[in-house]
Amino acid sequence: MSKGIRIAIDRGGTFTDCVGNPGTGKLEDDVLIKLLSVDPSNYDDAPLEGIRRLMEKFTGKSIRRGEPLDTSEIESIRMGTTVATNALLERKGEKCALVTTKGFKDCLIIGNQSRPKIFDLAIRRPEVLYQSVLEVSERVTLEDYAEHPDRATTDPSSDPDLVRGLSGEAVRILTRPKESEIQKGLKTLYDEGFRSIAVCLMHSYTFPDHEKLVGKIAEEIGFTHISLSSQLMPMIKLVPRATSATADAYLTPEIRRYIEGFSKGFSGGLGSESVAKEVGSKGARCEFMQSDGGLVDVSSFSGLRAILSGPAGGVVGYALTSYDPETKVPVIGFDMGGTSTDVSRYGSGRYEHVFETTTAGVTIQSPQLDINTVAAGGGSRLFWKNGLFVVGPESAGAHPGPACYRKGGPLTVTDANLFLGRLLPEFFPAIFGKNENEALDEDASKRLFEELTEEINKEICVKEGDKPMTAEEVAYGFIKIANESMTRPIRSLTEAKGYDTSKHRLATFGGAGGQHAVAIAASLGIKQILIHKYSSVLSAYGMALADVVHEVQEPCSAVFNDSEKTGLLERLKELKNKATNVLKEQGFNEGDIVHEEYLNMRYRGTESALMIVKPEDGEFDQNADFGNAFVKQHEQEFGFTLPNRDVIVDDVRVRGIGKSFRGMDKTVDTQLKEAKLVSVDESKRHSVKNVYFEGGRRETPIYQLGDLDVGSKLKGPAILADGTQTIVVTPGATALVIQTHVVINIGDDDDANGSVQKTNTKDVDPVLLSIFAHRFMAIAEQMGRALQKTSVSTNVKERLDYSCALFDSEGGLVANAPHLPVHLGSMSTCVRTQAAIWKGKLKRGDVLVSNHPEFGGTHLPDITVITPAFGGDKIIFYVASRAHHADIGGILPGSMPPHSRELYQEGAAIKTEKLVSQGHFDEKRITELLLTEPAQYPGCSGTRCLADNINDLKAQVAANQKGINLISTLIEDYGEDVVQFYMVSIQKNAEQSVRNLLRNVHKRFEGKELRAKDYMDDGSPICLKVEIDPENGEAEFDFEGTGPEMYGNMNAPEAVTYSAIIYCLRCLISEDIPLNQGCLKPIHVKIPKNSFLSPSDGAAVVGGNVLTSQRITDVVLKAFQACAASQGDCNNLTFGYGGSQDGGDHVKGFGYYETIAGGSGAGPNWDGTSGVHTHMTNTRITDAEVFERRYPVLLREFSIRKGSGGKGAHPGGDGVVRDIEFRTPVQVSILSERRVYHPYGMAGGEDAECGQNLWIRKLPTGEIRTINLGGKNTAAMKAGERIIINTPGGGGYGRVDAERAVTEEKDPKLAWRGGSLASRMATQETN
């Protein structure tokens, strides 16, 4: 019997793509159909309509719409769908409730406590997915803790309340759940109409018993969907696991409804069960694509694994068609569609998965392909803002779409391509206009470009002789900026994993990919582009090629060594059997099933786990071994290894694969080898068109893809097109047609790579200015990646607590990444100071080091390394990197003492030193500075981790060298004078934005003087008067009246005030402007000498950086009447034991440091946000389960402190309650503010509640006392004692009875797929 019809479908946001094959499996017999995803006047469901049309084609019979389709003729249907993603984006999932452990009802509202956008005063966090929470009185914790100096482990058989968890750890049961109580709570939810629940209890990844009990009771009551976090994804971390369980409870019922409706369109059943059925009409296999790139039977498809269902097909499509297992050239996938541009990578013959990703504001823990949205696709909107060309992130969407879609849409990238002749209306489906039968509207695009050009010329042609831009130059400028803004994240994605972009091929697909591929590849140094014949329907084609996958995973906590190895291999074997049985049930034979075996491994004491696949025999010299593979991959990704440290296995995972793809007849490389090249003659031309390339329009031949034979070779400029795609071959590139692909080679004489011949430095070219803004930022970002890769400390490596920047020859900041608010203004103060001290004395190969507060430092652990770059014998620019060192000596480990009175108590203070002299690293001198000198002071020690300090300083030197090399390349491309000209111009651009802001403020306050005053908790005032000169757009910030220097550590170096001012101005501008020295040019700051904002050089400053900086921000925003006060505090908590006090012996111990969120202030059109970090800090909190695994603590409660925000028309956000019980004796210190003075309300809004720090103390008599610790204190706490930190709220805005004016703003990046790239950016912005 011949095989039946095979169908693969990708239902995208705009189009649904279908690929059908009559059963022959041959490429030439495939039929492709593209139809609108939503077309209610013609059909209800696009995939069903696509199947109907394909079946008409294959059977030759007419089938009426609505007639059930005969499954007996279909072998298989494979689908990718956006149902889950859309439900998530539109928040239209199932009504569901969350069941969690008592004390954690707000865990998903607080999340990791960081705010998504660092400069938004109106903090908008995505809504949670559940409508109600039920807290259960149950509690377990881990008996042992990872930071124990002797690594003690407990035998669970020693105590009836101890059990061994699935991960092998000893679990202590503190409170057993009461069935009657759970039943009562669940019954109430059921009566309120809930039918779907998510259950996530503390530590259920290793001890799932209590969750199973809740699940059993819920089932008895009649809940129709129950998501247990321990079954969905048994991985440590409460918040991502709870979010995942909630997402599943929210989305799976929605997917089940969709599948039921879809199944009704067929006469037989769908899925492996209906195929196995002997009676009635034969069913068809039906599988859905999951986010991990594997297919799953329709009966097991769940919401949690459906989020990347569509895009995953594209990755499978290019991976299987563009990667050659023989030559092993890795491939970067570039999928540019109408509403998004997604980027991924495929190398070494395996998919790259990530286990925590964020989509539509929801962080999900589940294996997903590492797909990253980097732009809004062809629909990216074009703006002229503050003298710069800006592309996206806003999108025109599918409706109204680009201007040329005939629905009155805005200008987009698609319009620019159309206007420049790079998109051909005659090859584009005519589906526009009132009757959906008209072509793209070229006139609409042209008209809008002419209007925009007129607006731009008004701004840039201010004096005689200024050259106006043409509409073509403007449109082409936008194309170049679009390419530049996509290139930056692609480079980040590849380099952050330790790969070089230029060693890849670029596989491009999606409707718009072919128009940008050459420019993107050239920018990345890629020489070859592969465009599959089916590139516009590659996601659907990928489904046709994909394998069915079943994954099983279990938690673990074993040390990877010889004694544990056997047990680990045994567990892998068990998981393999489980996966095999599931695949056999779906009809696979043993011979078609293969397994990928993984261990999730990390070095002890680090957080960066790597999912290591079992190496194939022969991949290493000795027997295949996970340990070798881990060390090799760690070196590749992080640039170092820790040979003497234990390797921990966190999870054991098996991916069972039911093979259906047998490999291509001939790989790309084989086809290229065998190709007989023939230059294409003119007779093959379809037409000739005037197309715009660098430098002007050129006569460009257009070819129809179907007319070109295999082996055809053509030179650019040329355009190849068919009904679904347009490929632009730029001058200098050549295209080659092979059986499955079009291959574009980028020649060395390529004039399409954007290298600019004109070197005019008289006038600013706005396109070049926008390009340089990206290039300078890209250099700072690449320096950061070099620093992270070569450093060894946790602070730099995992918390990414560093900043890299480049400066002009005077030390003026040009670009800095990432934007840590507290480093913004202070780095340039430091570089300018050092530049002045060493003027005329520096030589090539010299590197300076400094951290002293008086010389532009913030606090001592932040050490700045500065390298000058020479052109001839003069310095043409500087690069610098600043990193937070974990310890640099002083009175306490961590160098952040709560009670320091003098600077020497905080560690090594370096005013100015040469770290490297003409290439020689001066290890002797830096050891003296860090180790010997600080130890000479009473009660002080030198650094406690010298090796880490030296390694990190060397990494900083290397990062600076990377920056110099990158700028040198830029100078080779453009010339030194041009680069320097734009270094200055980009500062002038930022300066102009600030001047405009100041003029607007002056107008709004009708010239009134702006004044504000607020107090530190010891009563020290900060006074500010702002006088604006509207003529020049300048302002004086005068802090006259501010209190004197303190005998304590709340003094803030002057650099901190500059940083706070830059941060506030950027928040007030609320536009994405370049952040550099220009921002401070129109600002004159007067700080009274010897006040606590300009302390003497021996004054303690550690609290100034984290607390006083927050109060300065409050005062500046109060003067501008921008919003009510936020919590104004970081709530710095430290605890630990060990070290050497009073010259005694060194005791092994540990230390822990965290900052805790509070409420944000409300504003004129927004409410404050609860439980979030504000202003000068944005650090994440350690997840509750990781916290208890690593330290001897019990987190009793972490919740929103209801009612602590100020009342008002717009209420302020609430603070939080953090209640920690210590299980062993520790020294606990708290450094906090706003315990006396309330965060202010504004415009009639009320003040917020102050914070409070409580010690729940056990007296020797057994009595329990509550003691107020005050704002700053340290105490020796015994086992069983607790600290409860109630953090301040944010102030309210407007009188309670006043009218509210909330403006809802949609985040344009909400729909973006956040893979490893987004999580890296988020980590950088949460320091």
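Numbers for residues simply follow the sequence, beginning at 1.
Annotation: side chain of R350 is in contact with side chain of E596 (closest heavy-atom distance under 4.5 Å). Taking 4.5 Å as the limit, some side-chain heavy atom of H504 sits within range of a side-chain heavy atom of T494. For the pair I307 and L251, the minimum side-chain heavy-atom distance is below 4.5 Å. Residues D324 and V329 form no side-chain contact, since every pair of their non-hydrogen atoms from C-beta on lies 4.5 Å or further apart. Side-chain contact between R653 and H353: present, with at least one pair of heavy atoms (C-beta onward) separated by less than 4.5 Å. You'll find the side chain of Q290 stays beyond 4.5 Å of the side chain of F288, heavy atoms only. Counting only heavy atoms from C-beta outward, the side chains of E590 and K584 approach each other to under 4.5 Å. When side chains are defined from C-beta on, D335 does not count as touching V343, because their heavy atoms never get closer than 4.5 Å.
Note that R285 lies in the cation-pi zone of F588, set by a 6.0 Å cut-off to the ring centre and a 45° limit from the axis.
Each salt bridge (charged side-chain N to carboxylate O under 4.0 Å, His left out) pair with one or both residues in residues 230-244, not counting sequence neighbours, appears once here: K237-E356, R241-E1185.
A84 and G303 make their closest contact through CB-O, 4.3 Å (heavy atoms, listed as atom of the first residue, atom of the second, distance). Contact record, F301 with A306: CZ-CB, 3.3 Å, taken as the closest heavy-atom pair. Of all the heavy atoms in D650 and A609, the pair that sits closest is OD2-CB, 4.2 Å. When every heavy atom of T341 is checked against every heavy atom of M336, the shortest pair comes out as OG1-CG, 3.5 Å. In terms of heavy-atom proximity, P555 sits nearest to D651 at CA-OD1, 3.8 Å.
Judged as a salt bridge (Lys or Arg N to Asp or Glu O under 4.0 Å), and not counting sequence neighbours, K573 has no contacts.
Atom NZ of K565 is surrounded by more than 12 heavy atoms from other residues, nucleotides or ligands within 6.0 Å.
Judged by distance alone, the side chains of S167 and T206 do bring a donor and an acceptor atom under 3.5 Å apart.
Between Y541 and H532, the ring planes lie tilted relative to each other; the angle falls in the 30° to 60° range.
Ring to ring, Y603 and F630 are close: their centroids are under 6.0 angstrom apart.
In this structure a side-chain-to-backbone donor-acceptor pair under 3.5 Å is missing from R1190 to T1182.
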